[in-house]
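Report on one structure; see the data block that follows.
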Amino acid sequence: MIIPAHHGGDAPARMPSPPAIAIHQVSHFFGSNQVLNHVNLSVPEGTILALLGPSGCGKSTLLKMLAGLLHPASGQISFDGEIVASGKLSLPPEKRNLGMAFQDYALWPHMTVRQNVAFPLQMRGIRGAVQHEKVMAALERVGLADFVSRRPSELSGGQQQRVALARAIVAEPRILLFDEPLSNLDRDLRESLCEEMATLLRQLHTTAVYVTHDQHEARTLAHRIARMDKGAIASIDPTDPSVVSPFVA
Ligand SMILES: Nc1ncnc2c1ncn2[C@@H]1O[C@H](COP(=O)(O)OP(=O)(O)OP(=O)(O)O)[C@@H](O)[C@H]1O
C-alpha cells in the first residue's frame, strides 16, 4: 500500500482507506495436506482480480475462505477493514454481503428465474415493488428480462449461467466471487459470455475475485492476475502491463 510521504499545508493527514479484501498470512490444511501456505493478498476496491493457477493449487479453497464456506486454520481475512475471519471469529456467508456464481450454476430447480434472482433480496428483507424493480434491472443487464417465468430446466447452459450472474449482482453486494463460472459451457459460448461479463463487471465497479485456470479468460476479465502455485501467491501482474500494480502480496 502506498502512503503519501508529504501532506501539504495544515490539511489533516488522511488515512488511506483499507483495501476491499485483505488476506493476511492465511494457511489451511486438509488432514496433513497443507493447501494454503501463508497467503497474503490485498485487493483494492473496484478491482477485478483473477486467481489463476494449475489444478489443485488452492484457488477454490481460498475463494471458499472469502465466501465464509471454509475457515482458515490460521491467518486473518478483512473486508473494507472489517475482520470477517480470524481465530475463532467467522462471519457467516450471509453476513458478508457477497454475490457468488460457481460453475454448476446452483440454481434452485423448483423456482422460476424471477424467484431465483429475487432470493438474495428476499434474504435481505427487500420485497414488493423495490424487489421487482431490482430483479428486472438485473435480468435486463444479462439479457433475460423475457425469461422471468421459466424454470432452470427450460433454459440453456448459457442462459442458466446468466441467471446465476443476475442473482449474484442483484443485491449490489460489496464483493463478487466467481469460481470457474464459464467452465461448463462450450468454447464459443464461453468466449462471448466472458466478454459480456467483462463489460458488466466494469460497469458495476464492484470488487471481484474470479477463479479460473484459463489465461485468456483471466486476461479478458480482470484488472490484475494473481498466479497461485502450491498454495501460495507466486506473482501478481496487471493485465495491462502499463499499469503499475498497487498490490501487496
Ligand atoms: N474437502 C476436501 N478434503 C480434502 N482435500 C481437499 C478438499 N477440497 C480440496 N482438497 C484438496 O486441496 C487441494 C486444493 O484444492 P482446490 O480445490 O482449492 O484447488 P484448485 O486450485 O481450485 O483446483 P481446480 O482448478 O482443479 O478446481 C487439492 O489437493 C485438493 O485435492
Side-chain angles (χ1 to χ4, degrees), residues 20-43 47-79 84-88 90-94 96 98-107 157-158 160-161 164-165 168 175-187 189-191 193-194 197-198 201 207-237 239 247 249:
I21 301 172
I23 300 172
H24 180 69
Q25 293 287 318
V26 163
S27 294
H28 198 64
F29 298 80
F30 287 116
S32 60
N33 181 15
Q34 180 161 17
V35 291
L36 295 178
N37 186 3
H38 297 93
V39 173
N40 289 307
L41 185 63
S42 167
V43 186
T47 301
I48 305 164
L49 177 84
L51 264 185
L52 186 71
S55 181
C57 71
K59 306 180 296 293
S60 297
T61 303
L62 190 58
L63 199 78
K64 283 178 187 156
M65 304 255 157
L66 296 176
L69 302 171
L70 275 178
H71 188 67
S74 60
Q76 181 175 299
I77 299 172
S78 311
F79 293 163
V84 296
S86 176
K88 288 203 166 64
S90 180
L91 206 62
E94 66 276 12
R96 295 190 182 200
L98 303 166
M100 307 182 218
F102 299 125
Q103 57 181 295
D104 59 0
Y105 324 134
L107 299 175
Q160 290 186 53
Q161 198 47 274
L165 185 56
I175 293 166
L176 287 166
L177 301 176
F178 298 100
D179 196 351
E180 310 230 26
L182 307 178
S183 63
N184 274 347
L185 308 175
D186 66 48
R187 211 190 64 187
L189 186 56
R190 206 161 66 215
E191 282 189 7
L193 200 46
C194 180
M197 277 184 71
L201 291 179
T207 310
V209 180
Y210 189 99
V211 165
T212 181
H213 55 252
D214 183 324
Q215 296 249 16
H216 174 72
E217 219 171 278
R219 269 195 237 107
T220 305
L221 271 152
H223 297 115
R224 304 277 194 280
I225 299 179
R227 286 171 205 279
M228 277 190 84
D229 192 27
K230 301 188 188 85
I233 305 289
S235 67
I236 299 172
D237 304 303
T239 41
F247 274 98

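Keep in mind that what you see is a predicted model, and the values were worked out from it rather than measured. Each ligand, and each atom within it, is numbered from 1 in the order the structure gives.
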- Among side-chain atoms of Glu180 and Tyr210, is any donor-acceptor pair under 3.5 angstrom? no
Checklist entry - Does Met228 have a heavy atom less than 4.0 Å from any atom of ligand 1? => result no
| request: Please check if atom NE2 in His71 has more than 12 non-hydrogen atoms from other residues, nucleotides or ligands closer than 6.0 Å. | output: yes
_I want to know if ligand 1 touches Phe30 in the polar sense, i.e. an N/O pair below 3.5 angstrom._
no
The closest protein heavy-atom partner of atom 25 (O) of ligand 1 is Lys59 NZ, 2.8 Å
Nearest non-hydrogen protein atom to atom 27 (O) of ligand 1, with distance, is Ser60 OG, 3.9 Å
Ligand 1 atoms nearer than 4.0 angstrom to some heavy atom of Gly58 are 14 (C), 18 (O), 19 (O), 20 (P), 21 (O)
* To do: Look only at interatomic distance and state if Val35 has a nitrogen or oxygen under 3.5 Å from any nitrogen or oxygen of ligand 1.
  => no
Closest to atom 14 (C) of ligand 1 (heavy atoms only, candidates Ser55, Gly231, Gly53, Gly56) is Gly56
Between Asp237 and Arg227, is a salt bridge (Lys or Arg N to Asp or Glu O under 4.0 Å) present by the stated rule, with each step listed?
CA-CA 8 Å; Asp237 304 303; Arg227 286 171 205 279; 3.7 Å; yes
Residues passing the side chain to side chain contact (heavy atoms under 4.5 Å, CB included) test with Ala232, sequence neighbours excluded, are none
Criterion side chain to side chain donor-acceptor pair (under 3.5 Å) on His216 and Glu191, from CA distance to verdict: CA-CA 9 Å; His216 174 72; Glu191 282 189 7; 4.6 Å; no
Checking heavy-atom distances from atom 15 (O) of ligand 1 to each of Val211, Leu70, Leu52, Thr61, the winner is Thr61
Sub-3.5 Å donor-acceptor pair from the side chain of Thr212 to the main-chain atoms of Ala218, do we have one? no
For Glu180, the ligand 1 atoms with a heavy-atom partner under 4.0 Å come out as 25 (O)
